[in-house]
Amino acid sequence: MNKEKEPLFSKKNRALLTDPLDDDNPITVQVLGICSALAITVKLEPAVVMTLSVIFVMASSNVIVSILRNIIPTRIRIIVQLVVVASLVALVDQFLKAYAYDVSKQLAIFIGLIITNCIVMGRLEAFALGNGVWKSFLDGVGNAAGYGWILIIVAFIRELFGSGELWGIPVIPQFIYDLGYTDNGLMLLSPMALIIVGVYIWIQRYYNRKLIEKD
Amino acid sequence: MNRDSNRHTYIFAALMVISVAFVLSFTSESLKELQNANVKKEKMQNILSTVGINVSRDESESLYKDYISEELSLKSDGTIDNVINAFNINLALEVKKDSDIQRYPLYIANVKNEKFYVIPLRGAGLWAEIWGYIALRDDINTIKGVSFDHKSETAGLGAEITEDWFINSFNDEKIKDIQGEFVGIYVSKSNNDPDNNDKMDNEIDAISGATITGDGVSDMIKERIQNYLPYFNKISNE
């Protein structure tokens, strides 16, 4: 074994996994993948299933593109990336329909959204084309997790205050409704997702001062 | 190797699409049987749920045989077409045809000596198709139960039509008015009866924020059931 070889989980590699969770979060810092973050965060369950699917698609597409990175013709690289992502998404869809029919029904429209997710293409273009397979894998998992983490927080808040439920189970006790509390219908509409993400960005920057731009 | 030469670009692109096409079609073909079985079982499960039998998807196939006594393909004049298998009628294609050449599938269920008529529904929601089943009691007026599904209605709004609270509000509603004329069920925003105690008003309470999906449900019920009236008139005259 080559002694100078970088260990699998060196500090740099761990950073690939953890940076996207906070310092380099795709949604709140890079502002990528906002569109799907608005669309699928009405309820917790689709948000979680979407997160898992995006982790799979991003990790695999990053790995595939990284393997092919030296033979992909630069002029058609975007098309190649798109084909890789679209085929992976189609595969996921087929397998879900056969083996996890209920989940596939949950995902019906969301699965297509993965293809158009800016983060997937963004990471292929910015990272996988120029880095090794293992690093690309970590980068894919890290960014997908950073994306999913925001999705789950937003979906948690929207489902709790919008429908009074979590994972489809009512959690707000009846006596609170009897006192005059009602679910907030505005939470179910897309603008509220934007506001929640905005509030998250505010809180995040309060604790993580280095994200604040100097002007 | 010059990876930006035209030759390399063409060869790469060709190999890529061929291999992707191969992988995808192989997966699709090898999983098709499982997928179709899932769809068929789900259909049976949905039909059974409208007559009050809630089973898991895996159990649905055997129970379907126990409870569904007849599957009829009706012509628009109410006569029965014996050639076409009702269960295999693809309603998505059928509704696009002219109403006089369509075949209308009808399922007759016998549950604890009660007879129910189950009519498949299909119509338009806000974003795409919605569909479902409606079970009528023997009087061909009172609703036993319904089930709905949709392709891509908005989660939390239009997609709520699949939820129990919405589906259950149809139970025991009438599809005919007091004079006995067929009117269907109206998903109403100005319903004075949000608790749905009045089962004679041909109305159920709509979902806020899902007006178009709700209208789609009303239209679908009315449009589909009226095609079965010739058959129902015939059997009630016999």
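Proteins get letters first, then strands, A, B, ... in listed order; numbering begins at 1 in each. Computed from a prediction, not measured in an experiment: that's the story for all the values here.
The number of heavy atoms from other shown groups lying within 6.0 Å of CH2 (B/Trp165) is above 12. Counting non-hydrogen atoms of neighbouring residues, nucleotides and ligands closer than 6.0 angstrom, the CH2 atom of A/Trp134 exceeds 12 such neighbours. Counting non-hydrogen atoms of neighbouring residues, nucleotides and ligands closer than 6.0 angstrom, the OH atom of A/Tyr177 exceeds 12 such neighbours. For CD1 of B/Ile212, the number of neighbouring non-hydrogen atoms (other residues, nucleotides, ligands) closer than 6.0 Å is 12 at most. For NZ of B/Lys222, the number of neighbouring non-hydrogen atoms (other residues, nucleotides, ligands) closer than 6.0 Å is 12 at most. Within 6.0 Å of atom OH in B/Tyr228, more than 12 heavy atoms from other residues, nucleotides or ligands are found, so the atom counts as buried in its surroundings. Other residues, nucleotides and ligands contribute over 12 non-hydrogen atoms within 6.0 Å of the NZ atom of B/Lys199. No more than 12 heavy atoms of other residues, nucleotides or ligands lie within 6.0 Å of CZ in A/Phe161, so this atom counts as exposed by the packing criterion.
The closest donor-acceptor contact from the side chain of B/Asp4 to the backbone of A/Pro73 lies at 3.5 Å or more, if one exists at all. In this structure, B/Gln35 contributes its side chain and A/Gln94 its backbone to a donor-acceptor pair below 3.5 Å. Of the possible donor and acceptor atoms, none in the side chain of B/His8 sits under 3.5 Å from a partner among the backbone N and O of A/Ile72.
One distance of note links OH of A/Tyr101 with CD of B/Glu42; it measures 3.5 Å at 0.5 Å rounding. The CG atom of A/Leu88 sits 9.0 Å away from the CG atom of B/Leu24 when rounded to the nearest 0.5 Å. In this structure, A/Leu68 CG and B/Phe12 CZ are separated by 5.0 Å, a value rounded to the nearest 0.5 Å. Atoms CD1 and CD1, on A/Ile71 and B/Ile11 in that order, are 11.5 Å from each other to the nearest 0.5 Å.
Each of A/Val42, A/Val84, A/Thr74 has some count of heavy-atom pairs under 4.5 Å with chain B, and the biggest count is that of A/Thr74. Across A/Ala98, A/Ser87, A/Ser163, the residue that shares the most heavy-atom pairs under 4.5 angstrom with chain B is A/Ala98. Interface summary for chain B: among A/Leu188, A/Ile79, A/Val83, A/Leu189, the most heavy-atom pairs under 4.5 angstrom belong to A/Val83.
Proximity to chain A is absent for every atom of B/Glu33, based on heavy atoms less than 4.5 angstrom apart. Using a 4.5 Å cut-off between heavy atoms, B/Asp149 touches chain A through its side chain atoms alone. Neither the backbone nor the side chain of B/Val17 comes within less than 4.5 Å of any heavy atom in chain A. Neither the backbone nor the side chain of B/Thr154 comes within contact range of chain A, judged by heavy atoms closer than 4.5 Å.
Of the candidates B/Leu31, B/Val23, B/Val20, B/Val23 is the only one forming a side chain to side chain contact (heavy atoms under 4.5 Å, CB included) with A/Leu91.
Counting heavy atoms from C-beta on, the side chains of B/Asn38 and A/Lys97 never come closer than 4.5 Å.
The ring-ring contact (aromatic ring centres under 6.0 Å, His included) search around A/Tyr99 returns none, not counting sequence neighbours.
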